[in-house]
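Heavy atoms only: backbone and side chains are in, while hydrogens, waters and symmetry mates are out. Proteins come first, then strands; the chains are lettered A, B, ... in the order of their sequence lines, and each starts at number 1.
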Protein chains: 2
Amino acid sequence: MDNKSSGGYELTVLMSLGFRAAIDELHRQLASSGFEDVRPAHGFVFQRLAPHGATGNEIAEHMGITKQAASQMIDYLEEHGYVKRHSHPRDGRGKIVVLTERGWGCIQATERIFAGIERRWTDLLGRERMDELRTDLRRLIQAAAEEGHPVHFRPVW
Amino acid sequence: MDNKSSGGYELTVLMSLGFRAAIDELHRQLASSGFEDVRPAHGFVFQRLAPHGATGNEIAEHMGITKQAASQMIDYLEEHGYVKRHSHPRDGRGKIVVLTERGWGCIQATERIFAGIERRWTDLLGRERMDELRTDLRRLIQAAAEEGHPVHFRPVW
DNA sequence: TAAATATAGTCAATTTACTTGACTATATTT
DNA sequence: AAATATAGTCAAGTAAATTGACTATATTTA
């Protein structure tokens, strides 16, 4: 019996590999566009930061990590020029983290690279199957969320 | 503009979240079946170990990690009773790592849990869409592999 | 309005899962 | 037989998370 298709876990493995294929390609191309110092997790931070910034706690919750871990990531991103901390306008305890020019540049590069990846995928599968793929995956994730298990972007192991 | 569907990265995000949803569910259920001490990565090791065992180097290559890291994982799994090292029958340097009773038990539990997950997914999407989902994802991954970028099970960030 | 409690963020220390480098023992090639 | 390659381990270092302790500000309660 073919081991990879035995059991019921094949779709899960395929989602994992599909994600990795895309994210590897993204970071190869980001690196050769001058963004060698960003990790996959940073992209998810940027996504939460656009367009108006977010607090450290919001980032932590978005990523499913502790606020301390989020704070350390923000340290890194600030040192590398991707974000800046501003004092929060309405909460003296809080700060808002916003993207710098370089941060936005990285987002734009990411958009461009992913557009290329998905264009190649669409060439391969056709637009209809691509749409179905997205629709179906959305439904699976939605179902998980409705069962009371919200899904985060956390690292997997 | 809806942020999550802007840009071309939505399918990638969906694959990531779909994978996480499944793997989180798996490990919640494994934990309540007495397998609290296995990580997602271990499942991929077990998959490589079934049915006849493998060497440390084979595991390392399967996972895309160093042989030292693989050796440490095997240490952990051996201490926790999931695998056992035997001396290699034909290579005096090598060892083969094989599953113990408990290791097989974990595989069986995993199979059972994933079968349940995929059954619920099939209820949701119908068998045809599930088949298309698998077929399409396989094609995307195959295309990446053919571009000279083999995809491993490594952690993502 | 004063006191109690909750929240945002940081600092410090620890843990975990990897890495690199050095090494031994056995195999393979020259 | 000597040189080189390979399988595995030991030890130390690194990166990214964790937990715990703390400060400063906000919010709730008495």
Hey, what are the protein-to-nucleotides 4-8 of chain C N/O distances that come in under 3.5 Å?
from, atom 1, to, atom 2, distance (Å)
dT7(C), O4', Arg93(A), NH1, 3.4
dT7(C), O2, Arg93(A), NH1, 2.8
dA8(C), OP2, Asn57(A), ND2, 2.9
dA8(C), O5', Asn57(A), ND2, 3.1

If I take atom [atom1] in residue [X] and atom [atom2] in nucleotide [N], what distance separates them, rounded to the nearest angstrom?
X	N	atom1	atom2	value
Ile65(B)	dT9(D)	CD1	P	13 Å
Arg90(A)	dG9(C)	CZ	P	14 Å
Glu79(B)	dT9(D)	CD	P	12 Å
Met63(A)	dA17(D)	CE	P	7 Å
Ile96(A)	dG9(C)	CD1	C1'	14 Å
His86(B)	dG8(D)	NE2	C1'	17 Å
Asp75(B)	dA17(C)	CG	C1'	13 Å
Arg39(B)	dA17(D)	CZ	P	15 Å

Item to check | Short side-chain to backbone donor-acceptor contact, His42(B) and Arg39(B), under 3.5 Å | outcome: yes

Item to check | Side-chain donor-acceptor contact under 3.5 Å, Gln68(B) with Gln72(B) | outcome: no

Item to check | Sidechain N-carboxylate O distance under 4.0 Å for Glu61(B), Arg48(B) | outcome: no

Checklist entry - Could Arg85(B) and Glu78(B) be called an ion pair, given the rule that one side-chain N must be under 4.0 Å from one carboxylate O? => result yes

Next on the checklist: Tell me if the aromatic rings of Tyr82(A) and Tyr76(A) count as close, with their centers under 6.0 Å from one another.
Outcome noted: no

Checklist entry - Does Gln72(B) get its side chain close enough to the base of dT9(D), under 3.5 Å, for a donor-acceptor pair? => result no

Next on the checklist: Using OP1 and OP2 only, check whether a side-chain N or O of Ser71(B) sits under 4.0 Å from dG8(D).
Outcome noted: no

Next on the checklist: With a 4.0 Å cutoff (strictly under), does any side-chain N or O of Arg85(B) reach OP1 or OP2 of dT9(D)?
Outcome noted: yes

Next on the checklist: Only pairs with both distances under 3.5 Å count, Watson-Crick or wobble alike; so what is the partner of dA27(C) in this structure?
Outcome noted: dT4(D)

Item to check | Closest approach of Glu118(B) to Thr12(A) (non-hydrogen atoms, all atoms of both residues) | outcome: OE2-N, 4.0 Å

Checklist entry - Taking all atoms of both residues into account, what is the closest heavy-atom pair of Ile141(B) and Leu14(A), and its distance? => result CD1-O, 3.3 Å

Checklist entry - Choosing from dA17(D), dT18(D), dT19(C), which nucleotide comes nearest the side chain of Gln68(A)? => result dT18(D)

